[in-house]
Amino acid sequence: MNEFELIGRYFKRPTPSAVLGVGDDAAIVRPTPGHELHLSADMLVEGRHFFADVLPRALGHKTLAVNLSDMAAMGARPRWALLSIALPRADEAWVAEFAAGFFALADAHGVELIGGDTTGGPLTLSVTIMGETPAGQALRRDGAKPGDDIWVSGELGLGALAVRHRLGWLNVNDMELLAAATHKLEYPEPRLALGAALLPLAHAAADVSDGLMADLGHILAASGVAGEVWADALPSHPALEARREECLACLAAGGDDYELVFTAPPARRAAIEAAASGLCRVTRIGRVQEGRGARLLDAAGRTVELDKKGYDHFG
């Protein structure tokens, strides 16, 4: 297949919400009146962001999921995506499976693919995602206030555990735990419904992609405040509890969680739990304070030192 045959066969689909989709020099979209447009881009590179032998359907899912997680962190409804792929070769079977994983998630969240690019080269995937929130209502990183609770969705540490097992840094003999960790790594579920539900409740939010302490640090820095996180409160998979101390770095700084970390006033605790009911687990893990920086504390209130607070894309 040449470039245009590949695009036409696997990526050109009807785009009823766009004025013009795949097939021209640029797409045309019409945002909803009274809404603000959100745009974000993420790149995945073989050997740095995913293992070479990952199944293409899983990679298609994750390629879009990591971008949808950015929309979730702002409470945005995702609308359109642009996909650019560098492929070592035009392998039809691989592309068909990748597209199936990508579009299964896109269809689940009403996202239309409206353009992109393909070329030959080392396997690299890049998505630009576009979403909307009602004007002035988006969740941002710069809204945290002293006295806010710090919350996180879901369970932490599973994706990082799968990576560490694969690299031989940790040995996971529990097959149930390893299966859950691998699924979390390869099929992260963006918390879009939770993000939307938090629009009237949270002061600030970010998605946990590079590690909890690193991504919370972005909120605190943007808001000009400090925060303390209670290590014992970090939510994990039940099978990981017996190895909590050994795996603390996975929980607090491992990355590949794609959960939401957010802050909100204590008066909204019941409303947050009600909003999350039926969607996902939410856990209060700390509080925002005056000052600068993020500290991880043990049960005795002592600072826990971590080698790294999160994933370094150039490390």
Side-chain angles (χ1 to χ4, degrees), residues 1-44 56-57 59-87 90 92 94-121 124-141 188-200 205 207 209 258:
M1 285 187 299
N2 64 32
E3 174 187 6
F4 300 105
E5 290 171 334
L6 185 149
I7 292 170
R9 182 173 300 179
Y10 296 106
F11 297 109
K12 188 170 184 177
R13 304 193 343 163
T15 54
S17 75
V19 178
L20 182 64
V22 175
D24 215 305
D25 289 309
I28 304 173
V29 297
R30 184 178 294 118
T32 305
H35 286 61
E36 293 171 334
L37 195 61
H38 297 248
L39 299 98
S40 179
D42 267 301
M43 184 182 299
L44 299 179
R57 185 179 291 258
L59 187 57
H61 174 101
K62 187 168 184 175
T63 297
L64 181 59
V66 301
N67 287 268
L68 294 180
S69 187
D70 288 328
M71 295 292 103
M74 305 195 82
R77 173 194 173 200
R79 299 291 309 279
W80 305 288
L82 303 169
L83 170 65
S84 295
I85 309 179
L87 292 168
E92 282 199 62
W94 190 97
V95 172
E97 282 293 294
F98 175 90
F102 184 96
F103 283 119
L105 187 61
D107 292 345
H109 294 290
V111 177
E112 295 179 0
L113 183 66
I114 58 172
D117 193 22
T118 58
T119 188
T124 305
L125 308 138
S126 179
V127 168
T128 298
I129 192 82
M130 287 160 273
E132 298 175 326
T133 54
Q137 294 186 30
L139 296 174
R140 296 166 44 148
R141 294 179 177 179
E189 287 299 327
R191 301 299 189 186
L192 288 160
L194 178 63
L198 291 174
L199 282 176
D207 89 312
S209 53
Y258 299 101

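FYI, the numbering just counts along the sequence from 1.
Taking OG of Ser209 as the start and CG of Asp70 as the end, the distance is 6.5 Å to the nearest 0.5 Å. The distance from the CG atom of Leu83 to the CG atom of Leu113 is 5.5 Å, given to the nearest 0.5 Å. Once rounded to the nearest 0.5 Å, the distance linking CD1 of Ile114 with CZ of Arg79 reads 10.0 Å.
The closest side-chain heavy-atom distance from Glu36 to Glu132 is not below 4.5 Å. In this structure the side chain of Arg191 never reaches within 4.5 angstrom of the side chain of Leu198, judged on heavy atoms. No side-chain heavy atom of Thr15 sits less than 4.5 Å from a side-chain heavy atom of Val22. Ile85 has its side chain out of reach of Thr63: every pair of non-hydrogen atoms, C-beta onward, lies at least 4.5 Å apart. Counting heavy atoms from C-beta outward, Thr133 and His38 have side chains that approach closer than 4.5 Å. Contact of the Val29 side chain with the Glu112 side chain is not registered, since no non-hydrogen atoms from C-beta on lie closer than 4.5 Å.
What you find for Glu189 and Leu105 is that their closest heavy atoms are OE1-CD1, 4.4 Å. Shown here for Ala73 and Ala205, the closest heavy-atom pair between the two residues is O-CB, 3.3 Å. Taking both residues in full, the closest heavy atoms of Ala26 and Leu20 are given as O-CD2, 3.8 Å, listed atom of the first, atom of the second, then distance. The two atoms that bring Ala65 and Pro188 nearest to each other are CB-O, 3.5 Å, heavy atoms only. Residue Ala76 comes nearest to Gly131 through the heavy atom pair CB-C, 4.5 Å, listed as atom of the first residue, atom of the second, then distance. Closest approach of Thr124 to Met43, counting heavy atoms only: CG2-CG, 3.7 Å.
Classified by interplanar angle (parallel below 30°, tilted 30° to 60°, perpendicular above 60°), the ring pair Phe11/Phe98 is perpendicular.
Residues satisfying the ring pair (Phe, Tyr, Trp, His ring centres under 6.0 Å) test with Phe102, not counting sequence neighbours, are none.
Of the residues Ile129, Asn67, Thr128, the one that meets the side chain to side chain contact (heavy atoms under 4.5 Å, CB included) test with Leu82 is Thr128. Each of Asp207, Leu192, Val127 was checked for a side chain to side chain contact (heavy atoms under 4.5 Å, CB included) with Leu68, and the lone residue meeting it is Leu192.
Residue pairs meeting the ring pair (Phe, Tyr, Trp, His ring centres under 6.0 Å) criterion with at least one member in residues 61-83, sequence neighbours excluded: His61-Tyr187.
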### Query
For Val111 and Met71, what are the C-alpha separation, side-chain angles and deciding distance, and is it a side-chain contact (heavy atoms from CB on, under 4.5 Å)?
CA-CA 12 Å; Val111 177; Met71 295 292 103; over 6 Å; no
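Between the side chains of Arg77 and Thr32, no donor-acceptor pair is found at a separation under 3.5 Å.
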